[in-house]
Protein chains: 2
Amino acid sequence: MPSNTAGPYDSEDTVVHVADLFRLLGDPTRLRIVLRCLSKPICVGDIAEQLGLSPPLVSHHLRLLKGARILRGQRDGKKIYYSALDDHIRCVIDDMVAHVGEPLDCEELG
Amino acid sequence: MPSNTAGPYDSEDTVVHVADLFRLLGDPTRLRIVLRCLSKPICVGDIAEQLGLSPPLVSHHLRLLKGARILRGQRDGKKIYYSALDDHIRCVIDDMVAHVGEPLDCEELG
DNA sequence: CAAACATTTAAACATGTGTTTATATGTTTT
DNA sequence: AAAACATATAAACACATGTTTAAATGTTTG
């Protein structure tokens with residue numbers, strides 16, 4: 001337990017860790033990549049093609065997202081399929097979208 | 001109207017907007033400031049003192065957070081008390097902390 | 001084994017942004 | 001109205017980071 005008068009989240013390690021996850025979701029390109037991985041596993045080439053990005057750029061972002069335990073990748077042949085590590089990321093994004101309050105038909109994201 | 005075959009969150013405006021909110025929570029100092037405002041309204045000077053930051057720096061971050069409608073400020077005398085704009089931010093942060101709090105047993109990463 | 005495909009790595013480049021410092025605005029009290 | 005306090009603004013600086021380009025690694029197929 002922290003010894004200061006801080007709230008529940010103020011452990012220095014936790015704050016830095018949580019901020020790091022938010023920061024990773026805070027880049028539009030990277031967020032788009034994450035969104036593509038939420039509904040179903042998808043390989044690097046398909047992400048690149050669908051988003052109009054170069055494979056190296058997508059791979060670079062995927063590496064960061066995998067390192068932060070936001071996404072996971074499993075190889076199938078020569079392709080590597082990326083998907084959400086767990087459901088928390090989905091909840092976080094859903095809550096944030098709710099905060100934004102912009103019209104969305106979230107049908108595929110259950 | 002999006003003209004591509006994108007998923008539910010891929011409206012360009014929404015993605016950029018959501019990413020912007022995540023980016024703001026992605027700085028440790030700024031996240032600490034937000035956390036101080038979640039439990040109860042708190043004024044700039046108190047935040048600065050409790051976190052060991054300069055008032056101008058705190059004010060600068062608060063301005064960004066207020067502009068993004070993450071926090072709101074209401075004046076009482078010469079002090080301005082900042083608090084969360086709504087509960088979505090609380091949910092987002094709670095979910096992310098839950099994500100961090102995972103024991104991380106599942107090391108089966110590609 | 002070699003060729004073709006999918007992904008990764010590394011370095012260079014450009015840009016964005018958090019922090020500091022100094023100054024200004026606004027509010028209350030005397 | 002002036003002084004003291006609380007917060008906000010602006011510019012300069014230092015650092016972090018997203019993107020591009022080129023080369024390398026790993027996997028399957030002929």
Side-chain angles (χ1 to χ4, degrees), chain A residues 12 15-37 40-83, chain B residues 12 15-37 40-83 85 108-110:
Chain A
E12 187 67 19
V15 169
V16 170
H17 194 172
V18 170
D20 209 60
L21 295 173
F22 281 133
R23 184 178 53 79
L24 287 171
L25 296 176
D27 177 69
T29 299
R30 203 155 44 213
L31 180 58
R32 269 185 281 263
I33 293 174
V34 171
L35 291 171
R36 288 287 168 170
C37 299
K40 62 181 190 305
I42 182 173
C43 66
V44 181
D46 287 353
I47 299 173
E49 187 187 1
Q50 291 180 22
L51 297 180
L53 303 172
S54 70
L57 180 55
V58 173
S59 178
H60 171 247
H61 286 306
L62 285 173
R63 181 170 174 265
L64 298 176
L65 293 165
K66 193 173 73 172
R69 308 280 155 104
I70 291 176
L71 299 181
R72 62 193 279 256
Q74 35 191 3
R75 183 179 282 273
D76 178 22
K78 35 185 169 183
K79 297 181 179 178
I80 300 179
Y81 287 84
Y82 284 87
S83 55
Chain B
E12 187 67 20
V15 169
V16 170
H17 193 170
V18 171
D20 209 58
L21 294 173
F22 281 133
R23 184 178 53 77
L24 287 171
L25 295 177
D27 177 68
T29 299
R30 203 155 44 214
L31 180 58
R32 269 185 279 262
I33 292 174
V34 171
L35 291 171
R36 288 288 167 169
C37 299
K40 62 180 191 306
I42 182 174
C43 66
V44 181
D46 287 352
I47 299 173
E49 186 186 2
Q50 291 180 22
L51 297 180
L53 304 171
S54 70
L57 180 56
V58 173
S59 179
H60 170 247
H61 286 305
L62 286 172
R63 181 170 173 262
L64 298 176
L65 293 165
K66 194 174 71 173
R69 309 192 68 85
I70 292 176
L71 300 181
R72 61 193 280 256
Q74 34 191 5
R75 183 179 281 274
D76 178 23
K78 36 185 167 182
K79 297 181 179 178
I80 300 179
Y81 287 85
Y82 284 86
S83 55
L85 187 76
E108 80 263 45
L109 305 172

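In this text the structure is predicted, and so the values were computed from the model without any measurement. Below, read A as the first sequence line, B as the second, and so on, with proteins coming before strands; counting in each chain starts at 1.
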Give the rounded distance in Å between these two atoms: [atom1] of [X] and [atom2] of [N].
X	N	atom1	atom2	answer
A:His61	D:dT19	NE2	C1'	8 Å
B:Ile33	C:dG18	CD1	C1'	11 Å
B:Lys79	D:dC5	NZ	P	12 Å
B:Asp46	D:dA6	CG	C1'	11 Å

Check every atom of D:dA8, C:dT7, C:dA6 against the side chain of A:Lys78 and return the nucleotide holding the closest atom.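 Per side-chain heavy atoms of A:Lys78, the pick is C:dA6.
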Heavy atoms from C-beta onward define the side chain here; which of C:dT8, D:dG18, D:dT7 lies closest to that of A:Leu64?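 The answer is D:dG18, which lies nearest to the side chain.
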Heavy atom of residues 68-76 of chain B under 4.0 Å from DNA chain C: which residues?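 Contacting residues: B:Arg75.
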Selection: residues 18-30 of chain B, any non-hydrogen atom under 4.0 Å of DNA chain C: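 Close to the strand are B:Arg23, B:Asp27, B:Thr29, B:Arg30.
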May I ask you to verify if any side-chain N or O of B:Tyr82 is less than 4.0 angstrom from the OP1 or OP2 atom of D:dA6?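 So the side-chain polar atoms of B:Tyr82 never come under 4.0 Å of the phosphate oxygens OP1 or OP2 of D:dA6.
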Touch class at under 4.0 angstrom, heavy-atom based, for B:Tyr81 against every strand present: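 It contacts nothing in the nucleic acid.
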What side-chain donor-acceptor pairs closer than 3.5 Å can you find for residues 57-77 of chain B, not counting sequence neighbours?
unit_1	atom_1	unit_2	atom_2	d
B:Arg72	NH2	B:Gln74	OE1	3.4
B:Arg75	NH1	B:Gly77	O	3.3

By nearest nucleotide on DNA chain D, pick out whichever of B:Leu62 and A:Gly77 is the more 5' one.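 In this pair, the answer is B:Leu62.
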Using the 3.5 Å cut-off, write out each protein N or O paired with an N or O of nucleotides 9-15 of chain C and the distance between them.
unit_1	atom_1	unit_2	atom_2	d
C:dT9	OP2	A:Arg63	NE	3.2

Under-3.5 Å N/O pairs linking protein and nucleotides 12-14 of chain D:
none

In degrees rounded to 10°, what angle is found between the helical axes fit to the five outermost pairs at each end of the helix from C:dC1-D:dG30 to C:dT30-D:dA1?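 Answer rounded to 10°: the end axes differ by 30°.
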If the test is side-chain contact (heavy atoms from CB on, under 4.5 Å), which one of A:Leu53, A:Val34, A:Leu51 qualifies with A:Thr29?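 Looking at A:Leu53, A:Val34, A:Leu51, the match for A:Thr29 under the side-chain contact (heavy atoms from CB on, under 4.5 Å) is A:Leu53.
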